[in-house]
Structure formats: C-alpha cells, structure tokens
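Notes for the one structure printed next.
One-based numbering, in listed order, for ligands and for the atoms of each.
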Amino acid sequence: MSDTIFSKIVRREIPADIVYEDDEVLGFRDLNPQAPVHVLFIPKQSLATLNDATPEQATLLGNLLLAAANYAKQEGFAEQGYRTVINCNEDGGQTVFHIHVHLLAGRRLHWPPG
Ligand code: DGP
C-alpha cells in the first residue's frame, strides 16, 4: 500500500484543519473546498479505493458515513441537507488514493453533478 498525503495527515506530519476524530476515523477540511462546508472523512488505516474494501471493512465504511452524518447534526446543517460522495479511480475523479468521504454542504448542490 503506497503512502499518501492523507496518511501523512493521520500521522500529523503535515498540517490539516481537523474537525473530527475518533479511534478509526479522521475528518478534516478539504484544501480546495467545493462548498462552504467541505470536509473529508478518512479511515486512519490506509485503504486505497472503494474497490479494495473487503467485507471485514464494512463496519469501517459505515462508520465513515456515520461520522459525516453526526458531524452534520452537530454543526446544525443536517436538516437543511448535505451530500456525501466517494470518488473511485479515474472516471470517478479520485486523485488521492486513500479512501475518503466528501461531505459537502452550505449551498444548494446540483444534481446530476456532471
Ligand atoms: P478526490 O478527488 O475524491 O480524490 O478528492 C481529493 C480531495 O483532497 C480534493 O478535494 C482536494 C483534497 N486534498 C488534496 N490534498 C490535500 C491536502 O494536502 N490537504 C487537504 N486538507 N486536502 C487535500
């Protein structure tokens, strides 16, 4: 498994604006935000893409989503709404190969995304 910029954020080797942390998940603000709220939720253990996830990691994947939902509730925009996205590989637009859930909120998000 290759090291990524996100592994370095987990190890605090490079700075990030961390807004959420538990035993297995880290949440930090995206460097290139696409909405007023744009937070990335990542597992602390390295997992490159959704394609690489195993059944044993099902709970971890669920916990990434729950961390995003709980953050939305805590920050008070859950009822207004938000979007969670996992990009996978080239056509999905994935650029960092450490799986992450994008949490986007704070403006009306268009669908389909294009
Ligand atoms: P994706 O395209 O789904 O792989 O999203 C990667 C996101 O990661 C992209 O929106 C920009 C963000 N990003 C890339 N490098 C850094 C970084 O060093 N710090 C932070 N906070 N975000 C980063």
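For the pair L64 and P43, the tightest heavy-atom approach, listed with the atom from each and the gap, is CD2-N, 3.6 Å.
Ranking protein heavy atoms by distance to atom 1 (P) of ligand 1, first place goes to H100 NE2, 3.1 Å. For atom 11 (C) of ligand 1, the closest non-hydrogen atom on the protein side is D30 OD1, 3.2 Å. Of all protein heavy atoms, the one closest to atom 18 (O) of ligand 1 is I5 CG1, 3.5 Å. Of the protein's heavy atoms, G93 O, 2.8 Å lies nearest to atom 2 (O) of ligand 1. Looking from atom 14 (C) of ligand 1 to the surrounding protein, the closest heavy atom is V96 CG2, 4.1 Å. Closest to atom 21 (N) of ligand 1, if we only count protein heavy atoms, is R29 O, 2.8 Å. Ranking protein heavy atoms by distance to atom 4 (O) of ligand 1, first place goes to T95 N, 2.7 Å. Ranking protein heavy atoms by distance to atom 22 (N) of ligand 1, first place goes to L31 N, 3.2 Å.
Screening I99, D52, T49 for a side chain to side chain contact (heavy atoms under 4.5 Å, CB included) involving C88 leaves a single residue, T49.
Here Q34 has no heavy atoms under 4.0 Å from ligand 1, in either its backbone or its side chain. Of the heavy atoms in V85, none comes closer than 4.0 Å to ligand 1.
Checking side-chain atoms of Q80 against main-chain N and O of A105 turns up no donor-acceptor pair under 3.5 Å. With hydrogens and angles ignored, the 3.5 Å screen pairs a side-chain donor or acceptor of R107 with a backbone N or O of Q34. Judged purely by atom type and a 3.5 angstrom limit, K8 has no side-chain atom pairing as donor or acceptor with the backbone of D3.
In this structure, Y71 and V19 have side chains that are in contact, with non-hydrogen atoms separated by less than 4.5 Å. Between H102 and I86 the shortest side-chain heavy-atom distance does not fall below 4.5 Å. Side-chain contact between T84 and F41 is absent, with no heavy atoms from C-beta onward closer than 4.5 Å.
Residue F6 places a heavy atom under 4.0 Å from ligand 1. Ligand 1 does not have K8 within reach: every non-hydrogen atom of the residue lies 4.0 Å or more from it.
The distance from ligand 1 to the heavy atoms of N87 drops below 4.0 Å at these ligand atoms: 1 (P), 2 (O), 3 (O).
Aromatic pair H100/H98: centroids not less than 6.0 angstrom apart.
Where the criterion is an N or O separation shorter than 3.5 Å, residue side chain and backbone included, Q94 fails it with respect to ligand 1.
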